[in-house]
Amino acid sequence: MSVTDTEVLIIGAGGAGTSAALHLAQRGVPCVLLERGLVGGQASGVNYGGVRQQGRHPAELPIARRSMALWHRLVEIAGTDAEFTVSGHLKLARTPEEEAELVAYLDVARAYDLPLRLVGRNALHVDYPWLGPKVIAGSLAPEDGAANPRLLVPALARAARAAGAVIEEHAKVTELAFDGTLFQVAAGERRWRAAWLLNTAGFWGGTVAAAFDEAVPVQPLSPNMMVTEPIRYFIEPNLGVVGGNVYLRQIPRGNVIIGGGHGVSDPAVPWSRPAAEETRAAMALATALVPSLAGACVIRSWSGIDGEMPDHIPVIGPSRTTPRLIHAFGFSGHGFQLGPGVGAILSELVLDGATDVPLAPFDIGRWTARAA
Ligand SMILES: Cc1cc2nc3c(=O)[nH]c(=O)nc-3n(C[C@H](O)[C@H](O)[C@H](O)COP(=O)(O)OP(=O)(O)OC[C@H]3O[C@@H](n4cnc5c(N)ncnc54)[C@H](O)[C@@H]3O)c2cc1C
């Protein structure tokens, strides 16, 4: 059986994996990206489309800031803007306790140079007269926005291929080994060998890590999503709430995309589907925020599968068991915005042995027995 040699093997063509392939190929490094299905076919292609920095765990903000700079250069990098729109992200409070959380996050934002301003009740209802009376405060991150998840990863993949990366679809990695020098990977009858291995397999990154004696407590996360028929365009910002039980955004064509609650999924197949009762509950929460959504017809609902870590932040960084294995998975429902930046960071870990973003909080060692 023939074996193909390359320098870097990447498992999983979501946002992280395709961006890594692009950044490596741009620096002239031979790399092969193996994807079980189609590029962007899992979480990176079916998510809500929020390109949000506000509300992130402080440890994620340096990556989010780094990634945002790449989002702004998408046309140059990937030949499309993926419908990325800087609409602002408005996070809403419905109780005094929620308002206190918004106020507390201002300090976090300031520490990471994230522009954020509190909007009090009166100003909020003047600026956004379509908000319901239960909303008592908001915080606006003017740099944040949204994009079309269907467009990002295929565009990154096209750019990566143009730069020289090899991307194999319908290539489910079934065998993984490291002989002390090289990784050996098989997908069906096909085999590859490489000095480096990047684990960007999303939820299934846990399976890849476990193959190298680094089992982690990653769980499937399946946010419940829906979209309405097109209605008059009036909701400019991407809307969230403290606690995250509902979020919504409107695209200029008029459709309103709404998330809230959880669907059901089986990552072993894999499949995912929305749950009707969660869809109804999210619609009720959405109409409490924006009463004029009452009566808007939902034309489609869906879900997807991401990997959720117990502390809700991903695993990013070198393996503790295996040299030249680097993980980036378990983005816990908020890795779409991070994807472009994570790929750049992975390429730097391979080529420069370091990156300027602090990765200690994402160390896989926080879960594995071999933690220092
Ligand atoms: C419904 C939903 C809504 C979301 N909304 C948002 C949002 O608004 N904003 C935000 O920032 N984030 C959001 N997220 C989270 C975000 O989509 C994910 O965190 C991010 O896309 C994960 O990217 P990834 O590259 O790690 O994984 P994925 O996109 O899942 O890519 C991993 C790839 O690895 C492949 N793979 C797995 N195993 C193998 C194997 N053995 N061999 C070959 N290939 C393999 C998979 O097929 C998959 O294509 C949402 C997620 C979901 C599901």
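Just so it is clear, the model here is predicted, and its values are computed rather than measured.
For the residue pair Glu60 / His334, a side-chain donor-acceptor distance below 3.5 Å is found, with atom types taken as modelled. Glu143 and His89 share no side-chain donor-acceptor pair at under 3.5 Å. Side-chain N/O atoms of Arg94 and Asn245 include a donor and acceptor closer than 3.5 Å. Counted by atom type alone, Thr321 and Ser319 present one or more donor-acceptor pairs between their side chains at under 3.5 Å. Side-chain atoms of Gln184 and Arg191 include no donor-acceptor pair closer than 3.5 Å.
In this structure, Arg52 does not pair ionically with Asp144, as no charged nitrogen and carboxylate oxygen lie closer than 4.0 Å. Salt bridge annotation for Arg366-Asp363: absent, with no cationic side-chain nitrogen under 4.0 angstrom from a carboxylate oxygen. Classification of Arg253 and Glu83 as a salt-bridged pair fails, no side-chain N sitting under 4.0 Å from a carboxylate O. Under the 4.0 Å criterion applied to side-chain N and carboxylate O atoms, Glu169 and Arg36 are not assigned as salt-bridge partners. By the 4.0 Å N-to-carboxylate-O rule, Asp179 lies too far from Arg193 to be salt-bridged with it. Salt bridge annotation for Glu229-Arg300: absent, with no cationic side-chain nitrogen under 4.0 angstrom from a carboxylate oxygen.
With rounding to the nearest 0.5 angstrom, the CG atom of Asp5 is 7.0 Å from the CG atom of Leu182. In this structure, CG in Leu61 is found 11.0 Å from CE in Met68, a value given to the nearest 0.5 Å. If you take CG on Leu248 and CG on Leu239, they are separated by 4.5 Å, rounding to the nearest 0.5 Å.
Of the possible polar contacts, none joining the Asn199 side chain to the Ile326 backbone as a donor-acceptor pair under 3.5 Å is found. Using a distance-only test at 3.5 Å, with no hydrogens or angles considered, a donor-acceptor pair links the side chain of Ser303 to the main chain of Pro223. Side chain of Ser222 to main chain of Ile305: no donor-acceptor pair is present (N/O by atom type, distance under 3.5 Å, no hydrogens or angles). Looking only at distances, a side-chain donor or acceptor of Gln250 sits under 3.5 Å from a matching main-chain atom of Arg232. For Trp204 (side chain) and Pro267 (main-chain N/O), a donor-acceptor pair under 3.5 Å exists by modelled atom type. Between the side chain of Ser67 and the backbone N or O of Leu338, at least one donor-acceptor pair lies under 3.5 Å. With Thr6 contributing its side chain and Pro30 its backbone, the two residues share a donor-acceptor pair below 3.5 Å. The backbone N or O of Glu308 lies less than 3.5 Å from no partner atom in the side chain of Ser332, so there is not a single donor-acceptor pair. Of the possible donor and acceptor atoms, one in the side chain of Arg324 sits under 3.5 Å from a partner among the backbone N and O of Thr181.
By the 4.5 Å heavy-atom criterion applied to side chains, Phe329 and Pro314 are not counted as neighbours. Taking the side chain as every heavy atom from C-beta outward, Arg249 and Ile258 never approach each other to under 4.5 Å. Here the side chains of Thr80 and Val75 are not in contact, with every heavy-atom distance at 4.5 Å or above. Side-chain atoms of Thr200 and Ile11, non-hydrogen and from C-beta on, never get closer than 4.5 Å to each other. Side-chain contact check for Tyr105 versus Lys91: every heavy-atom pair is 4.5 Å or farther apart. The side-chain heavy atoms of Leu351 and Leu24, taken from C-beta on, include a pair separated by under 4.5 Å. Inter-residue side-chain proximity for Glu168 and Glu35 is flagged as unmet; no heavy-atom pair is nearer than 4.5 Å. Leu197 has its side chain out of reach of Ile10: every pair of non-hydrogen atoms, C-beta onward, lies at least 4.5 Å apart.
For an aromatic pair to be called close, the ring centres must be under 6.0 Å apart, and Phe212 with Phe183 satisfies this. Between Phe84 and His72, the distance separating the two ring centers is shorter than 6.0 angstrom.
When the ring-ring contact (aromatic ring centres under 6.0 Å, His included) test is applied to Tyr233, no partner is found at least two apart in sequence or on another chain.
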- request: For side chain to side chain contact (heavy atoms under 4.5 Å, CB included), just list the numbers for Leu349 and Asp352, CA-CA rounded to whole Å, side-chain angles, deciding distance to a tenth of an Å, and then say yes or no.
  value: CA-CA 6 Å; Leu349 292 177; Asp352 310 325; over 6 Å; no
query: How far apart are the C-alpha atoms of Asp213 and Thr322, what are their side-chain angles, what is the distance that settles it, and do they pass the side chain to side chain contact (heavy atoms under 4.5 Å, CB included) test?
result: CA-CA 9 Å; Asp213 199 17; Thr322 311; over 6 Å; no
task: Output, in order, the C-alpha distance, side-chain angles, deciding distance and verdict of side chain to side chain contact (heavy atoms under 4.5 Å, CB included) for His327 and Ile316.
output: CA-CA 5 Å; His327 303 291; Ile316 307 174; over 6 Å; no
message: Assess the residue pair Glu348 and His23 against the criterion (side-chain hydrogen bond (donor to acceptor under 3.5 Å, both in side chains)); give the C-alpha distance rounded to whole Å, side-chain angles, the decisive distance to 0.1 Å, and a yes or no.
response: CA-CA 9 Å; Glu348 288 160 6; His23 283 89; over 6 Å; no
message: Between Glu76 and Leu74, is the side chain to side chain contact (heavy atoms under 4.5 Å, CB included) condition met? List the steps.
response: CA-CA 5 Å; Glu76 174 197 332; Leu74 260 192; over 6 Å; no
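Residue pairs satisfying the side-chain hydrogen bond (donor to acceptor under 3.5 Å, both in side chains) criterion with at least one member in residues 270-296, sequence neighbours excluded, are listed as follows: Asn224-Thr279.
Residue Tyr247 shares its hydrophobic cluster (ILVMFWY side chains chained together at separations under 4.5 Å) with Val46, Tyr48, Met225, Val227, Ile251, Ile257, Ile299, Trp302.
The minimum heavy-atom distance between Ala147 and Ala82, with the atom names listed, is CB-O, 3.4 Å.
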